[in-house]
Amino acid sequence: MSDMQQIQGKSIGRGIAVGRMLFYKKGGRQIRRTYREDSDAELKRLADAVEVADAQLKALAEQAAQTAGEENAAIFEAHRIMLRDEELHASIREIIQSAKVSAEYAVFVAEEHFSEQLSLLDDEYVQARKADVQDVSWRLIRILNGFEEMQELKEPSIIVAEDLTPSETIQFDRSLILGFVTTQGSANSHTAILARQMSLPAVCGVSVDPAWNGRMAVVDGDSGLVLIDPDEENIEKSRQRKREEAQLRERLQQLKGRPAIAKDGRHIAIYANIGSVEEAIEAKENDAEGIGLFRSEFLYLEGRDLPSEEKQLLAYKAVAEIMEGKPVVIRTLDLGADKQARYLELGQEENPAMGYRAIRICLDRPEIFRTQLRAIYRASVYGSVAILFPMIISIEEVRQCKRHIAEVKAELKAENIPYREDVQIGVMIETPAAALISDQLAGEVDFFSIGTNDLAQYTLAIDRTNARVEALADMHHPAVQTLIRQTVENGHKAGIRVEICGELAADTGYTKTFLDYGVDTLSVSSPYVLAIKDAVIHAVS
Ligand code: PEP
Ligand code: MG
């Protein structure tokens with residue numbers, strides 16, 4: 001038995017990395033209050049440190065421009081401006097002079113103050129700026145303390161850290177970084193953006209351990225899975241996948257702009273699954289004909305509180321606009337089970353996957369649901385938006401959802417807020433119950449989207465997060481396949497469209513089967529769009 005450990009995180013940069021881990025330790029986060037009589041000397045130390053920091057940031061901006069593009073160099077230019085921020089300086093000076101403390105302690109206190117104030121504002125942009133203020137302050141503190149700037153990378157490594165700031169990310173020698181694994185981070189953080197820009201696999205949401213330093217790992221930036229101390233078989237498999245991916249990527253580029261027409265002349269729409277606005281850009285670049293699944297819950301996982309209607313509107317509108325009139329299917333909140341937002345305090349459950357989650361939360365907490373529905377309807381005027389309800393098991397649930405929609409529309413009308421009447425409504429078929437009553441559900445909605453991840457989990461009674469039983473999750477199982485086939489048949493009998501958005505849609509081994517079932521749309525992660533298009537074009541019946 002190998003001691004391999006498997007950890008599921010959140011993918012924030014695609015691709016696969018195999019190599020040794022370097023555990024990145026932050027230099028000197030402990031700042032002690034130190035008494036300094038000579039305030040002028042401290043002010044001089046501060047001024048000198050600002051000059052050194054400015055020179056460092058200038059060099060970083062140049063380095064970033066070369067390795068990650070002008071856009072990312074702008075992060076460091078912004079830090080240079082922040083470094084000279086008069087408000088921040090006034091605050092540091094005041095602390096040095098009135099409290100008679102060292103410059104580094106004054107910077108530390110001023111930064112804490114600033115961050116605290118910014119924390120009160122529930123705004124993603126402000127939160128990102130907070131990270132920048134912290135980054136700039138810690139640069140100053142490191143310089144004042146004479147800490148070593150960076151741990152040196154001596155061999156190609158996977159960087160593992162609790163958290164990485166943009167400047168830490170960019171300072172590593174690009175040619176020696178294989179990927180990133182962090183505890184903190186989100187798809188919208190600058191660090192994640194940099195990782196994607198550098199085409200590096202990155203996974204966040206992993207509880208990292210300093211004892212991993214120097215040990216082997218596989219980072220799967222497509223699935224978000226991290227293997228610690230992988231066995232030989234997994235290492236070889238991953239290396240092989242890396243080689244194949246590189247060759248395939250080259251070849252698939254030629255398919256851009258071509259529709260996915262199967263041998264029998266049918267056009268299969270290939271859409272992308274996304275979890276953020278940035279991923280919509282990636283979807284578009286990868287030639288997706290629409291967004292088949294916008295996992296809206298990631299908007300709820302990023303903040304400390306429920307996202308406001310305005311914040312959601314901005315995200316949905318941005319995706320609708322990026323897709324320029326192409327379909328964008330927004331799935332309503334699917335929290336619970338493996339996706340927990342601490343502020344909701346959902347509590348511990350014996351069987352969370354079969355517990356209080358997704359549509360069950362929404363129908364139980366209509367104020368949360370209605371805020372989201374309002375945001376989706378308001379965004380509908382900016383493109384072609386559709387709504388998808390997760391974890392449905394009954395007709396009654398769909399009718400309740402539709403009643404909320406009718407009320408939200410009436411509210412918007414009364415408030416003179418524009419929305420589109422023709423927003424399509426769909427349900428996820430991801431429980432055996434939904435698949436078995438799909439003939440009846442089809443009469444209620446405009447489309448079906450089959451979630452094979454949960455459908456297989458519930459049909460086979462195999463927890464999708466439990467590595468011990470993963471090998472038993474046979475997608476070929478006739479029970480799973482029969483439910484998929486029947487859902488397509490029932491959908492088509494009622495004249496509605498049927499999409500598959502679970503991970504199985506991206507498995508080219510099933511493309512022909514799905515074509516035979518008559519599936520209309522396959523929605524996959526962006527890096528797979530062209531591969532699935534290729535599989536549709538070449539599938540032979
Ligand atoms: C699914 O269950 O197949 C699905 C697409 O939804 P999620 O993976 O987000 O549960
Ligand atoms: Mg699901």
Side-chain angles (χ1 to χ4, degrees), residues 8-12 187 205 220 222-225 270-276 279 283 288 290-302 328-341 346 351-362 372 386-393 397 401 426-435 438 441 447-466 470 473-475 477 479-481 483-484 487-488 498-507 510 514 517 519 521-526 528-529 532:
Q8 184 68 54
K10 183 184 168 203
S11 157
I12 51 172
D220 187 336
D222 298 328
S223 67
L225 201 65
I270 314 293
Y271 290 176
N273 296 345
I274 63 166
S276 67
E279 284 176 22
I291 301 299
L293 175 67
F294 183 176
R295 289 182 162 99
S296 67
E297 55 275 9
F298 285 114
L299 296 175
Y300 292 71
L301 290 173
E302 277 162 13
V328 174
V329 179
I330 302 172
R331 178 173 73 185
T332 60
L333 184 58
D334 187 8
L335 280 182
D338 54 334
K339 289 176 263 182
Q340 292 288 342
L346 298 179
N351 293 299
M354 293 192 280
Y356 191 61
R357 59 171 292 199
I359 205 67
R360 299 168 185 179
I361 301 177
C362 288
Q372 178 166 40
I387 302 183
L388 180 62
F389 297 117
M391 278 293 290
I392 291 293
I393 57 165
E397 283 171 338
C401 291
V427 286
M428 297 266 318
I429 303 291
E430 56 181 347
T431 62
S438 53
L441 286 171
F447 67 100
F448 283 156
S449 188
I450 305 176
T452 52
N453 309 335
D454 277 318
L455 185 61
Q457 152 163 280
Y458 297 123
T459 306
L460 303 174
I462 290 174
D463 179 348
R464 63 192 267 193
T465 64
N466 186 342
E470 197 190 358
D474 175 14
M475 296 291 184
H477 195 294
V480 177
Q481 291 302 316
L483 291 178
I484 296 174
T487 299
V488 181
V498 184
E499 162 187 328
I500 298 184
C501 68
E503 291 309 299
L504 208 58
D507 187 334
Y510 284 89
F514 293 154
Y517 292 169
V519 168
T521 306
L522 294 168
S523 191
V524 299
S525 302
S526 295
Y528 299 102
V529 167
I532 294 301

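In each ligand, atom 1 is the first atom listed, and ligand 1 is the first ligand listed. Quick caveat, the model's predicted, so the values are computed rather than measured. Starting from 1, each residue takes its place in the sequence as its number. When reading the values below, keep in mind they use all heavy atoms of this one structure, side chains included, and skip hydrogens, waters and symmetry mates.
- Ring geometry, Phe514 versus Tyr510: the interplanar angle falls under 30°, so the pair is classed parallel (tilted spans 30 to 60°).
- The Mg ion (ligand 2) lies under 2.8 Å from an N, O or S atom belonging to Glu430.
- Residue Glu297 has no N or O atom closer than 3.5 Å to an N or O atom of ligand 1.
- Every atom of ligand 1 with a heavy atom of Gly502 under 4.0 Å away is listed here by number and element: 3 (O), 5 (C).
- The protein non-hydrogen atom at the shortest distance from atom 6 (O) of ligand 1 is Arg331 NH1, 2.9 Å.
- Contacts between Gln457 and ligand 1, counted as non-hydrogen atom pairs separated by less than 4.0 Å, are absent for every part of the residue.
- Each of Arg360, Glu397, Met428, Met354 was scored for a side chain to side chain contact (heavy atoms under 4.5 Å, CB included) with Met391, with one residue passing: Arg360.
- Looking at Asp454, its N, O or S atom nearest to the Mg ion (ligand 2) turns out to be OD2.
- The closest approach between any non-hydrogen atom of Glu503 and ligand 1 is not below 4.0 Å.
- Within the 4.5 Å cutoff, no side-chain heavy atoms of Glu503 are placed close to those of Asp222.
- Heavy atoms of Leu293 found under 4.0 angstrom from ligand 1 belong exclusively to the side chain.
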Give the intermediate values and the outcome of side-chain contact (heavy atoms from CB on, under 4.5 Å) for residues Ile450 and Leu483.
-> CA-CA 10 Å; Ile450 305 176; Leu483 291 178; over 6 Å; no
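- For Glu430, a nitrogen or oxygen atom sits less than 3.5 Å from a nitrogen or oxygen atom of ligand 1, counting backbone and side chain alike.
- Counting all heavy atoms, side chain and backbone alike, Cys501 lies closest to Leu293 at SG-CD2, 4.0 Å.
- Residues Leu333 and Leu335 approach most closely at CD1-CG, 3.3 Å, considering heavy atoms.
- Between Val427 and Phe448 there is a side-chain heavy-atom pair separated by less than 4.5 Å.
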